[in-house]
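Below you'll find the structure, written out as structure tokens, and then a few comments.
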Amino acid sequence: MNPEPQPLSRTHTCGELRPTQIGEEAVLMGWVQRSRNLGGVTFIDLRDRWGITQVVVDQKRAPEAHELADRLRGEYVIAVRGTVEKRPAGTENPALPTGSIDVLGSELHILNESKTPPFAVEDDAVITETLRLRYRYLDLRRPHLQANLMLRHRATMAVRRYLDQHGFIEIETPMLTRSTPEGARDFLVPSRLSPGKFYALPQSPQLFKQLLMVAGYERYFQIARCFRDEDLRADRQPEFTQIDIETSFLTREAFFALLEGMIQALFRDAAGRDVRPPFQRLSYADAMDRYGVDNPDTRFGVELRDLSDVAALTEVKVFKEQLAAGGIVKGIAVPGCAGYSRKELDDLGRLAADFGGKGLFWMKRTAEGLQAPFGKHAGEGQLAAMAERLAMVEGDLALIAADAPAIVAPVLGNARKIMAQRLNLASSEALNFLWITEFPLLEYDAEARRYVAVHHPFTAPVEADVPLFHSEPNKIRAQAYDLVLNGQEIGGGSRRIHRREVQNLMFSALGLSQEEAQEKFGFLLEALEFGTPPHGGIAFGLDRLIAIMARMPSIREVIAFPKTQRGADLMMNAPSAVEPAQLRELNLQVR
RNA sequence: GGGGUCGUAGUUCAGUUGGUUAGAACGCCGGCCUGUCACGCCGGAGGUCGCGAGUUCGAGUCUCGUCGACCCCGCCA
């Protein structure tokens with residue numbers, strides 16, 4: 001009954017045996033996926049990281065092994081010695097790469113038993129998220145998660161290989177660093193040796209990599225863990241991984257070419273998929289105008305069109321009011337949705353509220369012509385003009401929003417994405433990379449009643465826009481860029497400020513006094529005075545990138561031990577309470 | 001901080017206008033079976049209906065609260 005110590009030495013994996021090895025002896029080890037006892041013969045599907053091989057144990061030829069095989073249950077760990085044999089004609093399993101052979105077992109050892117697992121260790125098992133995370137080590141046995149983590153490994157290997165070949169060096173930066181203003185909420189770590197003071201976990205290695213440029217390393221990278229204490233989403237975890245890159249002396253063009261080469265190598269080496277640089281580019285302003293969002297999915301059209309001039313000619317009250325108040329009227333044409341019911345249209349209108357809007361107008365083009373609830377106030381000519389502007393064909397449904405530009409864009413931009421998903425407009429095979437350039441440097445935060453950095457406080461302004469710091473800070477363009485893949489931001493970066501006077505301008509635009517700037521970023525300001533080269537960089541969200549490559553809906557599927565939406569680790573039960581003595585040592589008191 | 005979906009056997013789910021002993025499938029346990037691969041056949045065990053109050057003669061079902069998972073808005077330089 002007792003499991004034995006490992007008595008055999010493994011010779012092959014469960015994924016490699018083929019007809020060429022017929023007649024050879026093999027020793028396999030792994031987990032029992034399933035066993036089928038037919039009485040005189042037992043079949044065992046044996047699984048390891050490399051695949052599944054069927055083991056046959058015959059009562060007559062190996063009576064001892066056959067008796068032992070009767071005790072096998074799912075997830076038992078076993079060792080089998082046997083001979084590779086061709087399966088009898090008609091019993092091959094085309095679903096398995098190893099399906100034309102099996103291993104005729106002569107010797108069987110149970111290396112360990114297993115409790116009945118709380119869920120089946122197989123891909124098509126339907127399991128709640130709670131259970132998966134509680135037993136993550138069992139979840140991770142499932143083939144698709146193993147494939148995801150192996151993909152992730154190949155991807156980081158490809159990145160390291162490519163960057164190494166291009167003169168980059170990987171440098172580690174501290175995890176215990178200081179809290180800085182701006183940006184996300186920090187995770188704090190109390191300092192025992194400095195009572196009442198705290199380290200912060202890095203939101204990114206931003207300042208360290210810039211200081212490495214000051215230090216003359218010129219080409220740095222790091223597969224870096226980052227921490228942000230913000231609310232979670234399907235694509236956001238409190239700790240996540242970036243491919244962090246910084247370079248000196250490169251023009252933007254040279255830098256983009258380098259990165260496009262890296263993405264190409266990454267997709268080729270990790271996923272065998274073809275990516276062809278150069279990538280498309282779109283300015284932030286054009287992206288907002290045509291797609292309403294700064295991360296447009298360009299795998300399908302359905303672009304936003306401005307209808308303000310036509311709307312001004314109508315007697316539609318909302319149009320007139322919004323236009324008078326400085327608003328705009330824009331629309332999109334959704335293919336094939338003219339048959340939508342009243343309820344479906346109402347639901348779409350409510351969807352606008354999710355993004356700050358009050359509702360959506362609609363217009364249908366059917367065989368009977370154009371219909372819109374606002375039709376009688378618009379006039380035939382104006383309806384036709386709008387339909388023409390939106391290039392509507394029969395069967396199309398137009399969705400129209402009238403509001404401030406800052407509302408219209410997200411309402412239509414997100415309606416566009418949601419409808420495309422519903423109608424399956426985007427090819428799942430396509431890889432549409434897109435650089436978004438010339439982000440604004442600053443935006444006004446009404447709540448904080450000051451300007452905040454759109455990217456971060458070290459982003460260089462477009463040189464020609466520097467004088468605007470004194471007049472119209474919100475008009476300054478940044479030398480910042482995002483890389484978007486199929487409608488998801490996968491990376492973002494910028495050229496950095498490398499002159500102290502510009503950094504001073506930036507800090508004061510952000511409402512930081514000289515004293516505060518000195519207190520919080522004095523080390524950076526001082527460093528900028530010691531011969532800082534022009535430099536810039538980027539960080540790619542590795543988790544998102546891998547999730548897209550693996551066609552997974554959530555980054556949890558490509559992270560070995562992810563956290564729930566409340567930031568909990570259900571397996572280890574983190575976070576947890578700590579002993580009073582630990583708190584005393586840290587001079588902390590819990591309220 | 002806000003909106004939404006969900007929580008019933010080990011698992012995934014069903015459960016009628018509130019009414020007898022809460023069902024199914026898979027899994028599990030026992031038996032039979034020599035070419036299965038979702039093996040098959042026979043038999044069996046298994047329930048804090050997330051938790052706590054309330055309404056009611058009676059609550060899986062209705063109400064309130066609470067806990068948890070997921071999706072979204074805010075937030076995430």
Side-chain angles (χ1 to χ4, degrees), chain A residues 33-46 52-61 66 70 73-75 85 87-96 98-99 102 104 115-122 124-135 138 180-186 203-204 206-207 226-238 240 347 350-357 410-411 414 418 439-443 445 447-448 451-459 478 480 482 489 492-494 506 510 539 541 553-554 556 563-566 568 570:
Chain A
Q33 180 68 40
R34 192 172 270 118
S35 68
R36 293 172 292 279
N37 184 346
L38 273 62
V41 66
T42 297
F43 298 94
I44 304 160
D45 294 337
L46 189 60
I52 288 181
T53 293
Q54 177 169 275
V55 174
V56 186
V57 184
D58 187 292
Q59 188 172 38
K60 290 221 175 72
R61 285 189 274 189
H66 186 264
D70 193 44
R73 298 292 181 270
E75 301 310 308
E85 60 164 22
R87 292 203 194 186
T91 64
E92 299 89 353
N93 185 349
L96 290 179
T98 58
D102 54 34
L104 183 65
K115 286 171 57 173
T116 301
F119 53 81
V121 179
E122 56 193 26
D124 39 12
V126 184
I127 327 166
T128 59
E129 206 70 9
T130 317
L131 205 60
R132 293 182 59 188
L133 293 176
R134 165 84 178 76
Y135 298 97
L138 296 180
T180 53
E182 304 289 312
R185 192 177 295 113
D186 284 319
Q203 294 176 29
S204 81
Q206 184 60 35
L207 288 166
C226 304
F227 304 86
R228 294 178 189 176
D229 189 6
E230 298 291 348
D231 287 355
L232 280 62
R233 288 284 190 287
D235 62 354
R236 287 186 348 217
Q237 285 272 307
F240 61 99
D347 287 345
R350 263 193 294 281
L351 184 149
D354 285 347
F355 304 97
V411 166
N414 286 295
I418 289 164
F439 278 81
L441 186 72
L442 299 163
E443 69 185 346
D445 181 334
E447 204 178 320
Y451 284 100
V452 295
V454 170
H455 187 49
H456 59 52
F458 320 106
T459 299
D482 277 358
E489 181 203 324
S494 62
M506 183 69 175
L510 294 174
S554 164
R556 285 189 300 271
K563 293 180 173 58
T564 70
Q565 198 164 43
R566 280 183 163 80
L570 297 181

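Convention: sequence-line order gives letters A, B, ...; per-chain numbering from 1. The model shown is predicted, which means the values in this text are computed figures rather than measured ones.
- At the heavy-atom level, A:Ser204 lies under 4.0 Å from base atoms of the strands shown.
- Nucleotides B:U56 and B:U66 place their P atoms 23 Å apart, quoted to the nearest Å.
- When heavy atoms are screened at a 4.0 angstrom cut-off, A:Val454 is found touching the sugar-phosphate backbone but no base atom.
- Taking 4.0 angstrom as the limit, A:Arg36 places none of its side-chain polar atoms (N or O) nearer than this to OP1 or OP2 of B:U36.
- Between the side chains of A:Asp354 and A:Asn414, no donor-acceptor pair of N or O atoms lies under 3.5 Å.
- The shortest distance between the side-chain N/O atoms of A:Arg73 and the OP1/OP2 oxygens of B:G27 is not below 4.0 Å.
- Contacts of A:Gln59 with the nucleic acid, taken as non-hydrogen atoms under 4.0 Å apart, are absent.
- Each of A:Leu131 and A:Gln54 lies near RNA chain B, and the nucleotide nearest A:Leu131 is the one positioned closer to the 5' end.
- Taking atom C1' in both B:G4 and B:A45, the straight-line distance is 40 Å, to the nearest Å.
- For the C1' atom pair drawn from B:U63 and B:A25, the interatomic distance equals 34 Å after rounding to whole Å.
- Comparing A:Glu85 and A:Arg34, the nucleotide of RNA chain B nearest to each residue sits closer to the 5' end for A:Glu85.
- Note on A:Asp229: nothing from the nucleic acid sits closer than 4.0 angstrom, heavy atoms only.
- Side-chain polar atoms of A:Asp186 and A:Gln203 form a donor-acceptor pair below 3.5 angstrom.
- In summary, the side chains of A:Gln206 and A:His456 do present a donor paired with an acceptor at a separation below 3.5 Å, with no hydrogens or angles considered.
- With rounding to the nearest 0.5 angstrom, the OG1 atom of A:Thr116 is 10.5 Å from the CD atom of A:Glu75.
- Counting non-hydrogen atoms under 4.0 angstrom, A:Pro118 reaches the backbone sugars and phosphates but no base.
- Residue contacts shown for A:Arg556 are limited to sugar-phosphate atoms, with no base heavy atom under 4.0 Å away.
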